[in-house]
Protein chains: 2
Amino acid sequence: MPERKPRKDAVRNRAAVLAAADELFARCESPGSVTMADVAAVAGVGKATLFRAFGDRTGLIHALYETRLEPIRTAIEEGPPPLGPDTPPQQRVPALLDAVLCFKIDHRHLALALEGTGGDSPYRAEHYERWHGTLRDLLERVPGFGDGDFTAHALLAATRADLVEHLVGQRHTSRERMRAQLAALTARILAPGN
Amino acid sequence: MPERKPRKDAVRNRAAVLAAADELFARCESPGSVTMADVAAVAGVGKATLFRAFGDRTGLIHALYETRLEPIRTAIEEGPPPLGPDTPPQQRVPALLDAVLCFKIDHRHLALALEGTGGDSPYRAEHYERWHGTLRDLLERVPGFGDGDFTAHALLAATRADLVEHLVGQRHTSRERMRAQLAALTARILAPGN
DNA sequence: ATGAAAACGGACCCTTGGTCCGCATTCTAT
DNA sequence: ATAGAATGCGGACCAAGGGTCCGTTTTCAT
C-alpha cells in the first residue's frame, strides 16, 4: 500500500546518471579515474542527486552492473538451453561460464570498477552468490563430482575482471581464444577420469 | 662505484616502518582502514620519511610483501623437493600451489592490501610474473598438456587473496580443508584423462 | 490553484595520499 | 676532534575526491 511511485524527474535523472556512468567507465582506462563529480557533470545533475539516488559510489556501480547483467540473469534463470535450466549439467556448466566470461569481456571496465571497489569483497555481491550457487549445484549434479563449492569459486575466479583485462585488454588475447581456453579448462575439470 | 651505503638512521627507520605496517595490516579488518599517517605514527616517524623510503602507498605494500615472500621464493628457486627445482612437474605443481595458498592464508591481510591496491592490476607485479611463469613452464612439461598459460592464471586465481579471506576469514573454512580442496582441483586438472 | 512532499544542486566539510622546506643527524676528510 | 657537505628528518601544508547540508525548485494530489 505505501507504494508511493517516484517523481518523474527522479526517474529521468536516475537514468541519466546511469547512462553517464556507463559511458565514463567504458571510456576511461582506470575505473579509479572516474570521479563522482565527473559522472554528475556528464549527467547534467548535481552531485547530491547522484548520492541521493544511489547511496554512495559502490551503490552506483552495483546498480549499473545489475542493470547490464539482467539479460544474462534471465537467460540463465528461464531461457532456452544451453543456458536455461532445462540443460544437463555437463553442457550447462560450460555454457554458464562462457556467458559469464563474455559478459566480463564486454563490460570489463564496469566489472573492473565493481571488483576493485576495495572496501567490501566481490564475494558478498548478490550476483556472485547467484552464480556461485547455480554453478555449485550443477557441479554436484555431475556424477562422480564431490564437493562443488570450491571448484565453483575457482572457475569463477578464472573470469575475474582484472584477469580478463590483463589478457584481453593488455596482452590482446582475442576474445575467441580466451573463450576457448576457459572452455578447455572447464572440460578438463568436468572430465570423468577422477 | 656509486654504491653509497645508506645512513643507519635510514635503515633503522625503514625497518621500523615495515614492522609497523605489518602489524597494522595484520590487526585491522579492512586494509583500506590503515592509513599512511597511522603507519608513520606507530613507527614513530614522520610521514615524509615513509614516502621517501617507499615512494607511495603501493610501494610500501609491495616492499613489505616482497620481504615476507622471500623465504618462499628461495624455497622454490633453490630449495629441496617437492618445492625446489629438482622435482618432476606432477609433484611440483601441487607443491607450488600449496605453498602459494599457505602464504596467502597466513598473510591474507597483507595480500588483500596488495591486490586491492586498485590502481594497477596485480598481474603486473614481479612475483606474480614469477609464479605464473614457473607454473606455466611446469604445466607445459606435463605430457599431454597443451598451452599452460591460461591454466596457470586460473590456478593462481583460485588463491586470490579476497577469495581466501572470504573462505577462511569469513566462512571459517579450515586451513586444511582449503588446502585439500585446492589440491583436489589441481589433481583433477593434472589428471591424464584428456 | 495551492500547499505539502519530494527532489534538486552546488557550496561546504573532512579524510587521506602526497609534497615542501627549514632543521637535525650522520658521514668523511683532514 | 672537527668542520662541512650530504643525506635524512618531520610536521605543516596542499589537492582531490567522497559524502553532506540546506535553501530553493519541481512535482503531485486534492
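To find a chain, count down the sequence lines: A is the first, B the second, and so on, and within it residues start at 1.
- Using modelled atom types, one finds a donor on one side chain and an acceptor on the other under 3.5 Å when comparing A/Y128 with A/H153.
- OP1 or OP2 of D/dC9 sits under 4.0 Å from a side-chain N or O of B/N13.
- Of the possible donor and acceptor atoms, none in the side chain of A/T159 sits under 3.5 Å from a partner among the backbone N and O of A/L101.
- Note: CZ (A/R7) to P (D/dC28) measures 7 Å, nearest angstrom.
- Residue whose closest nucleotide on DNA chain C sits further toward the 5' end, between B/R12 and B/V34: B/V34.
- No close placement of the A/Y65 and A/F25 rings is indicated, their centers lying 6.0 Å or farther apart.
- Between C/dG17 and B/T35, a contact under 4.0 Å exists linking OP1 or OP2 to a side-chain N or O.
- If you find the closest nucleotide of DNA chain D to A/G32 and to A/A48, the one lying nearer the 5' end belongs to A/G32.
- For residues 90-114 of chain B, the pairs satisfying salt bridge (Lys or Arg N to Asp or Glu O under 4.0 Å) are B/D98-B/R179, B/K104-B/E115, B/D106-B/R175, B/R108-B/E165, with sequence neighbours left out.
- Interface residues of residues 51-61 of chain A facing DNA chain D, ordered by number: A/F51, A/D56, A/R57; criterion, heavy-atom separation under 4.0 Å.
- Using a 4.0 Å heavy-atom distance criterion, B/A10 is classed as a sugar-phosphate-only contact.
- In this structure, of C/dT16, D/dG10, C/dT19, it is C/dT19 that holds the atom nearest to the side chain of B/K47.
- Taking 4.0 Å as the cut-off between side-chain N and carboxylate O, A/E23 and A/R27 count as a salt-bridged pair.
- The A/D9 side chain lies nearest to C/dA7 when the options are D/dG8, D/dG10, C/dA7.
- Cation-pi check for B/R73 over B/F103 is not met; the charged atom does not lie both under 6.0 angstrom from the ring centroid and within 45 degrees of its normal.
- The NZ-C1' distance, from A/K5 to D/dA29, rounds to 11 Å in whole Å.
- If you measure from atom CE of B/M36 to atom P of D/dC13, you get 21 Å, rounded to the nearest angstrom.
- Distance A/R14 CZ to C/dA6 P: 18 Å, rounded to the nearest Å.
- A single hydrophobic cluster is not seen to contain both A/L112 and A/W131; linkage of ILVMFWY side chains at heavy-atom distances under 4.5 Å, directly or through other members, places them apart.
- Residue A/K8 is in sugar-phosphate contact alone, with no base atom involved, counting any heavy-atom pair closer than 4.0 Å across all strands shown.
- Distances shorter than 4.0 Å separate none of the side-chain N or O atoms of B/T49 from OP1 or OP2 on D/dG8.
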